[in-house]
Amino acid sequence: MYYFDPHIHMVSRTTDDYETLAKMGCVGMSEPAFWAGFDRGSVDSFRDYFRQLTDFEPKRAAQYGIQHYTWLCINAKEAENVELSREVIKMIPEFLDKPNVLGIGEIGLNKNTKNESTIFLEHMELAIEYNQQILIHTPHLADKYQGTRMILDMLTADSRVDPSRVLVDHVEEHTAKEVLERGFWAGMTLSPVTKCTPQRAADIIELCGAERLLVNSAGDWGPSKPTAVPDLILEMRRRGHSEALIRQVVYDNPIAFFSQSQNFTFTHPE
Amino acid sequence: MSIPLNSQEVLDREYLEIRGKILELAASLDRLERAEGCVNEDNRMSLIRQGLQILLQDANESKASQIQMLFSRVFEDNWREKFNL
C-alpha cells in the first residue's frame with residue numbers, strides 16, 4: 001500500500017532511510033521545521049536550514065521517487081528567545097513561494113509559557129497574512145493536555161483562522177476528540193516512548209473515526225522509527241480493518257488536507 | 001466504528017502481551033523497593049498508585065484517557081489573563 005508520511009524530519013535521517021521508506025510504500029512526505037537539538041544563534045542559521053528544507057531535501061527524496069514538502073517556522077523550544085523568533089518570522093516570507101512549501105509549522109507550545117504563546121500568536125498572524133496553512137506541534141507528556149487546550153483557545157479566538165486548514169499534531173487519547181470536534185485536522189504520532197503506539201493509534205481511529213485523522217512517524221534525530229506508519233498499517237490489517245479505511249488514514253487524508261495549499265502538486269504514483 | 005475483532009479474539013491475541021506488561025510493572029515496583037532510600041513521599045509514587053487503581057475500575061470512561069489526564073498538568077481557563085495576552 002502506498003502511504004504519505006505527513007510529519008517526518010528527514011534532515012536528521014540518512015539517505016538509506018529514504019531508500020527504506022520508498023521500499024515500504026512511502027511516496028510522499030511533509031517535513032515541518034523543528035528544533036535541531038540545540039538553540040540556533042542567528043537568523044542566518046535558520047535561513048540556511050530553510051534552504052536545506054526547500055532545496056536539498058526535495059532533491060534527495062526525489063532520487064527514491066518520494067515527493068517532499070515542507071513547513072517553515074521557529075519552533076516552540078527556541079521561542080523563549082523572542083527577539084530571534086521575530087527576526088525569523090520576518091524572514092520566512094523569503095521562502096513561502098518555494099515550490100515545496102505548504103505553510104507555517106510546526107508551531108506550537110513546549111512548556112506552555114507566555115513567550116511561547118506570544119510567538120505562537122505571531123506565527124498565526126504570519127499564516128493569516130500570507131494565506132498559509134498551519135501545522136501545529138502539541139507538547140509532550142504532562143504538558144500536552146494543558147498546551148493543547150491553550151493552542152485551541154488561541155486558534156478559535158481568531159475568526160480569521162479556518163480550522164479546516166489547520167493540522168494539530170501529536171494528539172493522543174485525551175486530546176484527539178476535542179481537536180476533531182472543533183473542526184481541525186488531527187495527527188497521531190507513532191513514537192516508542194513519548195507519544196502513541198500503533199496499537200493505541202488504531203484504538204483512537206476506532207473511537208474517533210477516520211475523518212480528518214492522520215498518522216505520522218515524526219522520525220527525527222532522537223529515538224524514533226521513520227518506518228512507523230507501516231506498523232500501523234499492519235496493526236489495522238491484523239484487526240481486520242478494510243484496506244479502504246487504512247488507505248483513508250495513511251494516504252487519502254493527508255493528500256486531502258495538503259491539497260488546500262497552492263504549492264501542493266502531488267502526483268499519484270501509477 | 002468498532003474494533004472488528006470480538007472480545008475473545010482480542011484476549012487471545014493480547015493475553016501474553018498483557019501478562020508481560022504486568023510482570024514488567026511488578027519488577028519495576030520490586031526494584032524500587034529493593035533500592036536504598038524511600039520515595040514514598042515523592043508525588044510521582046502517588047500518581048503511580050492512582051494509575052494502578054484506574055486500571056482496576058469498571059468504568060464507562062476510557063481507562064487510557066483517565067490515565068492520560070492523571071499524568072497531565074491542570075488547564076486553567078483564565079490562562080490568557082494570567083499571561084496578559
Side-chain angles (χ1 to χ4, degrees), chain A residues 109 111-122 124 138-154 157 171-178 194-197 199-211 213 235-242 245-246 248-249, chain B residues 1-25 27-28 39 42-55 57 59-85:
Chain A
L109 300 177
K111 292 297 175 188
N112 307 336
T113 67
K114 179 178 179 176
N115 283 344
E116 290 171 12
S117 305
T118 298
I119 294 306
F120 180 88
L121 289 167
E122 293 184 17
M124 250 175 65
T138 55
H140 304 299
L141 303 172
D143 300 309
K144 181 178 295 296
Y145 179 75
Q146 182 189 64
T148 302
R149 291 289 305 271
M150 290 167 67
I151 288 166
L152 294 180
D153 273 3
M154 289 187 276
V171 300
E172 294 182 37
E173 290 89 347
H174 53 326
T175 56
K177 193 176 174 191
E178 181 156 9
T194 59
K195 299 186 185 79
C196 224
T197 60
Q199 290 75 18
R200 286 172 46 218
D203 292 338
I204 292 170
I205 294 166
E206 289 163 359
L207 291 167
C208 295
E211 190 180 349
L213 197 50
E235 172 64 17
M236 291 188 71
R237 279 181 180 150
R238 288 186 68 205
R239 292 188 186 194
H241 285 297
S242 70
L245 176 69
I246 300 169
Q248 181 183 354
V249 176
Chain B
M1 125 196 15
S2 61
I3 178 168
L5 304 173
N6 65 37
S7 58
Q8 186 64 54
E9 289 169 326
V10 174
L11 183 61
D12 289 346
R13 193 189 137 185
E14 301 205 7
Y15 173 73
L16 284 177
E17 197 175 323
I18 293 170
R19 175 189 180 278
K21 287 174 181 171
I22 292 173
L23 191 56
E24 282 297 319
L25 195 54
S28 289
V39 289
D42 190 313
N43 184 52
R44 290 173 295 181
M45 289 305 297
S46 168
L47 291 173
I48 288 170
R49 286 189 203 99
Q50 291 176 65
L52 293 173
Q53 285 169 358
I54 288 171
L55 299 185
Q57 288 173 5
N60 291 327
E61 193 182 347
S62 154
K63 291 181 175 62
S65 291
Q66 289 184 71
I67 293 286
Q68 290 276 22
M69 293 306 294
L70 172 68
F71 288 98
S72 293
R73 286 170 66 190
V74 174
F75 171 72
E76 296 175 30
D77 283 327
N78 63 344
W79 70 271
R80 289 189 83 152
E81 291 165 33
K82 285 188 172 177
F83 281 176
N84 196 26
L85 279 176

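Each chain gets a letter, A, B and so on, in the order its sequence line appears, and its residues count up from 1. Everything numeric here is computed off the predicted structure, so don't read it as measured data.
At a 4.5 Å heavy-atom cutoff, A:Thr148 makes no contact with chain B through either its backbone or its side chain. Interface remark: A:Asp153 contributes backbone and side-chain atoms alike to the contact with chain B (heavy atom separation under 4.5 Å).
The residue among A:Gly147, A:Gly209, A:Ser117, A:Ala202 with the most heavy atom pairs within less than 4.5 Å of chain B is A:Ser117. With chain B as partner, the option from A:Met150, A:Lys144, A:His241 having the largest number of non-hydrogen pairs under 4.5 angstrom is A:Met150. With chain B as the partner, the residue from A:Met236, A:Glu206, A:Glu173 showing the most heavy-atom pairs under 4.5 Å is A:Glu206.
The contact list for residues 60-67 of chain B toward chain A, using heavy atoms and a distance under 4.5 Å, reads B:Ala64, B:Ser65 by residue number. Residues of residues 68-83 of chain B that come closer than 4.5 Å to chain A, counting heavy atoms only, are B:Gln68, B:Met69, B:Phe71, B:Ser72, B:Arg73, B:Val74, B:Phe75, B:Asp77, B:Trp79, B:Arg80, B:Phe83, ordered by residue number.
In the displayed structure, B:Glu24 atom CD is contacted under 6.0 Å by at most 12 heavy atoms of other residues, nucleotides or ligands. The 12-atom threshold is exceeded at CZ of B:Arg49, counting heavy atoms of other residues, nucleotides or ligands nearer than 6.0 Å.
Atom CG of B:Leu85 and atom CG of A:Asn115 lie 9.5 Å apart (nearest 0.5 Å). Annotation: the span from B:Ile3 atom CD1 to A:Arg239 atom CZ amounts to 4.5 Å, rounded to 0.5 Å.
With sequence neighbours excluded, no residue forms a salt bridge (Lys or Arg N to Asp or Glu O under 4.0 Å) with A:Lys114. Residues satisfying the side-chain hydrogen bond (donor to acceptor under 3.5 Å, both in side chains) criterion with B:Glu9, sequence neighbours excluded, are absent altogether.
A:Leu245 is listed as a side-chain neighbour of B:Met1, based on a closest heavy-atom distance under 4.5 Å.
Taking the charged nitrogens against the carboxylate oxygens, B:Glu14 and A:Arg238 have no contact shorter than 4.0 Å, which rules out a salt bridge.
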